[in-house]
Amino acid sequence: MIENIAHGVRQSLEDLLDVIAPRRCAVCGSPLENGVRVMCIRCWMNLPETKCHLSQPNILHDKLFVSLDCRVEKAGAFMYYVKGSPYSRLVKLHKFNYRMDIGRLLGHRYASDLMTTGFFDDIDVVLPMPMFFLKFMWKAYNHAEEIAKGICEATGLPLGDNLRMVRPRPAQKFLKGAARALNVSHLFSVIHPEELEDLHILIVDDVLTTGSTVKAAVETIHDKVPSAKISVLVLAMSVYQ
């Protein structure tokens with residue numbers, strides 16, 4: 001009863017806000033129809049999906065994980081990220097403009113699509129890429145965690161917090177070669193590693209650019225929990241033009 005009343009009040013408030021300040025598509029800026037979230041139907045239909053999860057191993061393994069001493073079981077990226085494209089606004093709004101709803105909705109949507117392929121059948125826990133605690137205090141949310149929450153809502157998988165970032169780091173895109181490797185060296189730690197023993201862990205991140213940070217996380221988990229299996233899922237994969 002109370003839940004129904006709360007839902008009705010919330011819906012009424014949303015309808016009122018739509019009249020005062022209509023919600024707009026995060027990609028093209030057109031007004032959103034009632035019940036449509038984040039993107040208009042046209043932009044949803046034209047989303048530049050990678051579909052790389054349909055083959056395992058795939059392009060992510062070939063470009064990023066082939067050099068690792070440990071195996072990445074499965075990998076997937078929902079969409080391509082091209083700097084300056086209309087769809088790049090999704091990442092920017094989610095990452096820098098406190099649009100947490102974007103990450104959670106896209107994570108939920110991607111996970112829902114993946115569930116029909118059996119991708120999650122043997123996954124035990126979802127670990128979002130962590131944020132250094134001072135940065136988290138400043139931003140008040142972790143964008144990778146919001147994506148992971150959407151995945152967990154769709155799949156029913158538990159959300160873990162065993163992976164921690166132990167120091168701040170400059171952005172990888174400003175570094176090259178050996179400087180990138182040094183920048184992520186000893187960047188992560190695993191707390192309560194015994195909780196992860198013999199589990200299949202899914203690491204979740206927002207955008208995969210150089211891949212150095214994700215690889216460092218994979219290597220840290222493998223070093224601390226050798227019995228664990230590791231897979232990786234990201235919202236977007238960078239394409240350089």
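In this text, all values refer to a predicted model and were calculated from it rather than measured experimentally.
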Flag side-chain contact, heavy atom, 4.5 Å: V204 against V234: no

To the nearest 0.5 Å, atom CG of L199 lies from atom CD1 of I230 at 11.0 Å

Between L106 and L32, is there a shared hydrophobic cluster once you connect ILVMFWY residues whose side-chain heavy atoms come closer than 4.5 Å? no

What distance do L235 atom CG and L90 atom CG have between them, rounded to the nearest 0.5 Å? 8.0 Å

For side chain to side chain contact (heavy atoms under 4.5 Å, CB included), just list the numbers for E219 and F188, CA-CA rounded to whole Å, side-chain angles, deciding distance to a tenth of an Å, and then say yes or no. CA-CA 9 Å; E219 289 174 330; F188 298 104; over 6 Å; no

Do M79 and V91 have side-chain heavy atoms sitting under 4.5 Å apart? yes

Residue list, side chain to side chain donor-acceptor pair (under 3.5 Å) with T220, at least two apart or on another chain: none

I need the minimum non-hydrogen distance between K92 and Y81, along with the two atoms involved. CE-OH, 3.7 Å

For residues V239 and Y80, report the shortest heavy-atom separation together with the two atoms involved. CG2-CD2, 3.3 Å

Can you hop from M100 to V27 via hydrophobic side chains spaced under 4.5 Å? no

Salt bridge K74-D121, side-chain N to carboxylate O under 4.0 Å: no

To the closest 0.5 Å, what do you measure between NE2 (H61) and SG (C52)? 9.5 Å

Sub-4.5 Å side-chain heavy-atom contact between R164 and S189: yes

Would L159 end up clustered with M131 when hydrophobic side chains under 4.5 Å apart are linked, directly or stepwise? no

Side-chain donor/acceptor of K149 to backbone N/O of G103, under 3.5 Å: no

Quick one: list whatever passes side chain to side chain donor-acceptor pair (under 3.5 Å) with E195, sequence neighbours left out. N162

Any residue meeting side chain to side chain donor-acceptor pair (under 3.5 Å) with N142, in chain and number order, not counting sequence neighbours: none

Inspect the surroundings of CD in E33 and state if more than 12 heavy atoms from other residues, nucleotides or ligands are less than 6.0 Å away. no

Strictly by salt bridge (Lys or Arg N to Asp or Glu O under 4.0 Å), give each pair with a member in residues 101-111 just once, sequence neighbours left out. R99-D101, R104-E146, R104-E153, R109-D113

Within the structure provided, determine whether V82 and Y87 are in side-chain contact (heavy-atom separation under 4.5 Å). no

side-chain contact (heavy atoms from CB on, under 4.5 Å) partner of S238, the single match among T210, L208, V207: V207

Table please: side-chain donor-acceptor pairs of residues 39-46 below 3.5 Å, with sequence neighbours left out.
{"residue": "W44", "atom": "NE1", "partner": "R37", "partner atom": "O", "Å": "3.4"}
{"residue": "W44", "atom": "NE1", "partner": "M39", "partner atom": "O", "Å": "3.2"}
{"residue": "N46", "atom": "ND2", "partner": "R42", "partner atom": "O", "Å": "3.2"}

Quick one: do E197 and S227 satisfy side chain to side chain contact (heavy atoms under 4.5 Å, CB included)? Show the steps, please. CA-CA 6 Å; E197 289 180 359; S227 64; 3.8 Å; yes

Which pair of heavy atoms, one from C28 and one from S30, lies closest together, and at what distance? SG-OG, 3.0 Å

When rounded to the nearest 0.5 Å, the distance separating OG1 of T209 from CE of M237 is 11.0 Å

Judged by atom type as modelled, is there a donor-acceptor pair below 3.5 Å linking the side chain of D206 to the main-chain atoms of A144? no

ILVMFWY cluster, L54 and I151 together (side-chain gap under 4.5 Å): no

State, to 0.1 Å, how close A75 and L60 come at their nearest heavy-atom pair, and which atoms those are. CB-CD1, 3.8 Å

Taking side chain as C-beta onward, heavy atoms only, is H192 less than 4.5 Å from E194? yes

Linking I/L/V/M/F/W/Y whenever their side-chain heavy atoms sit closer than 4.5 Å, directly or via other members, would L68 and L187 fall into one cluster? yes

One should read off an interatomic distance between S55 OG and K51 NZ, to the nearest 0.5 angstrom, of 12.5 Å

Could you check whether any side-chain heavy atom of L196 comes within less than 4.5 Å of a side-chain heavy atom of I201, counting everything from C-beta outward? yes

Could you tell me which non-hydrogen atom of V218 sits nearest to which non-hydrogen atom of C70, and how far apart they are? CG1-SG, 3.6 Å

Would the number of heavy atoms belonging to other residues, nucleotides or ligands and lying under 6.0 Å from NZ of K135 be above 12? no

Just so I know, are the side chains of I221 and I203 near enough to count as touching, which here means a heavy-atom distance under 4.5 Å? yes

I'd like to know whether NZ of K224 has more than 12 heavy-atom contacts from other residues, nucleotides or ligands below 6.0 angstrom. no

Under the ring-ring contact (aromatic ring centres under 6.0 Å, His included) definition, can you give me all pairs with a residue in residues 91-121, not counting sequence neighbours? H53-Y110, F78-Y110, Y98-Y141

Ignoring hydrogens and geometry, is there a side-chain-to-backbone donor-acceptor pair from R89 to A26 under 3.5 Å? yes

Rounded distance (nearest 0.5 Å) linking atom CG of L157 with atom NE2 of H200: 10.5 Å

